[in-house]
There are 2 protein chains.
Amino acid sequence: MHWSDRLYRSLIAVADLVNRLDIDSRLLSAAGVKLDRALFPLLARVAMSPGINVAEMSNLVGRDHSTVSRQVVKLEKLGLIVRTPDPVDSRARRLHLSDQGSAIMAKVKAIRRQWMEGHFQDWSEKDRDDLVDLLQEMIGKDWQTGIPPART
Amino acid sequence: MHWSDRLYRSLIAVADLVNRLDIDSRLLSAAGVKLDRALFPLLARVAMSPGINVAEMSNLVGRDHSTVSRQVVKLEKLGLIVRTPDPVDSRARRLHLSDQGSAIMAKVKAIRRQWMEGHFQDWSEKDRDDLVDLLQEMIGKDWQTGIPPART
DNA sequence: CCATATATATGCATTTTGCATATATCACGC
DNA sequence: GCGTGATATATGCAAAATGCATATATATGG
């Protein structure tokens, strides 16, 4: 099999894994989180990219900005994130975790770390670090390049 | 930053990439595909795992089996997949690409390969192959193990 | 043969989604 | 400064997707 096909298979498997984890009721309930299934992925991405705005988020997750806008309002009403005016662009609002949101994500993070350590316990440190480095190198690039022009 | 957090960030980025690609209208239209956004991911996974059934697929993608069941019917009505009786379990039906589905996925695959080759053109072959190998090693494992049991 | 589990399908209410549209602000050329 | 088109966000609305409950057929294991 060509390396690109092997890689693609792995990427799909990773995506499915993440999508399952994002909504995994065991993981969420272990962290004491009770959240609509569409909300946790956004919360996790705010945690990962503090200061992100709705437009950037919608590009990131591949959903319409109107969809993201409404979900963000929900997260704010739940008290999990705060929206602060962008200091240099008064159209935009920057998203951050609230204290409550941070507390929740800290719990999730602890569980995730414990679980990852279990998963990689029989890996050599070198292989593990190589994987992390290579993955970071891969996703750091502009994956859009080379795809034919604009959406819709 | 702890390696598990760096890894998690990369996994999220990969998931977002795949989710965007799965619905990327530029990619799909370049392959001459016109498909509801929820259908392509399933079609891609049938292509990846020929003979998979609805139950396995619903576990894989993290959606209810009823949802997957209906989407699979749609794919069949569109002539993109075929459902054949499972020879050893007459409750189940195994999913395969139809000729038309295969033709579409072949186009998508060609575009994807070209695009991946562009993305990795300045990588060493060794790094690229290491990444593929390590990723395969990682996703081959049982990622479920270690998550606390359902609490409900 | 019976009880329980599994694979799929469907009715139904709810949630999620995207498009069209609206408003406010920005960026830039003039 | 002013106009023009782009951008960030929000919302009405209809359509699509989703999950749960339930039903049927088959399997599996006493």
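By convention in this document, chain letters (A, B, ...) are assigned in the order of the sequence lines, proteins followed by strands, and residues within each chain are numbered from 1. As the structure is a prediction and not an experimental result, all values here were calculated from the model.
Within 4.0 Å of A:Asp86, counting heavy atoms only, lies no atom of the nucleic acid at all. In this structure, A:Arg94 reaches neither bases nor backbone, as no heavy-atom distance under 4.0 Å exists between it and the strands shown.
The local environment of CG in B:Asp99 is sparse, with at most 12 non-hydrogen atoms from other residues, nucleotides or ligands closer than 6.0 Å.
With rounding to whole Å, B:Leu78 atom CG is found 13 Å from D:dA16 atom P. In this structure, the CG atom of A:Leu75 is 16 Å from the C1' atom of D:dT9, given to the nearest Å. Separating the CE atom of B:Met57 from the C1' atom of C:dA9 is a distance of 16 Å, rounded to the nearest angstrom. In this structure, the CG atom of A:Leu39 is 16 Å from the P atom of D:dT18, given to the nearest Å. Rounding to whole angstrom units, CZ of residue B:Phe40 and C1' of D:dA17 are separated by 19 Å. The CG atom of B:Asp89 sits 12 Å away from the P atom of D:dG29 (whole-angstrom rounding).
Distance from the side chain of B:Arg91 is smallest to D:dT26 among D:dT26, D:dA17, C:dT16. Of the candidate nucleotides D:dA8, C:dT16, C:dT8, C:dT8 has the atom lying nearest to any side-chain atom of B:Ser69.
Under a hydrophobic-cluster definition in which Ile, Leu, Val, Met, Phe, Trp and Tyr are linked whenever side-chain heavy atoms come within less than 4.5 Å, directly or via other members, A:Ile139 and B:Leu17 are assigned to the same cluster. Note on B:Val46 and B:Val82: separate hydrophobic clusters, where clusters join Ile, Leu, Val, Met, Phe, Trp and Tyr whose side-chain heavy atoms are under 4.5 Å apart, directly or indirectly.
Both B:Asn53 and A:Ser90 lie near DNA chain C, and the one whose nearest nucleotide falls closer to the 5' end is B:Asn53.
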Polar atom pairs between nucleotides 19-23 of chain D and protein, under 3.5 Å, N or O only, would you list them?
from, atom 1, to, atom 2, distance (Å)
D:dG19, OP1, A:Arg37, NH1, 2.7
D:dG19, OP2, B:Asp64, N, 2.8
D:dG19, OP2, B:Thr67, OG1, 3.2
D:dG19, N7, B:Ser66, OG, 3.3
D:dG19, O6, B:Arg70, NH2, 2.7
D:dC20, N4, B:Ser66, OG, 2.8

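Distances shown here put every side-chain N or O of A:Lys74 at or beyond 4.0 Å from the OP1 or OP2 atom of C:dT15. Dashed line: the shortest gap from a side-chain N or O of A:Arg93 to OP1 or OP2 of D:dA10 is under 4.0 Å. In this structure, A:Gln71 reaches the C:dT17 phosphate: one of its side-chain N or O atoms is under 4.0 Å from OP1 or OP2.
Proximity of B:Asn19 to A:Arg63: side-chain heavy atoms (C-beta onward) are nowhere separated by under 4.5 Å. The side-chain heavy atoms of B:Leu78 and B:Leu39, taken from C-beta on, include a pair separated by under 4.5 Å. In this structure, the side chains of A:Met116 and A:Arg128 stay at 4.5 Å or more apart for every pair of heavy atoms. Side-chain atoms of A:Met105 and A:Phe40, non-hydrogen and from C-beta on, do get closer than 4.5 Å to each other.
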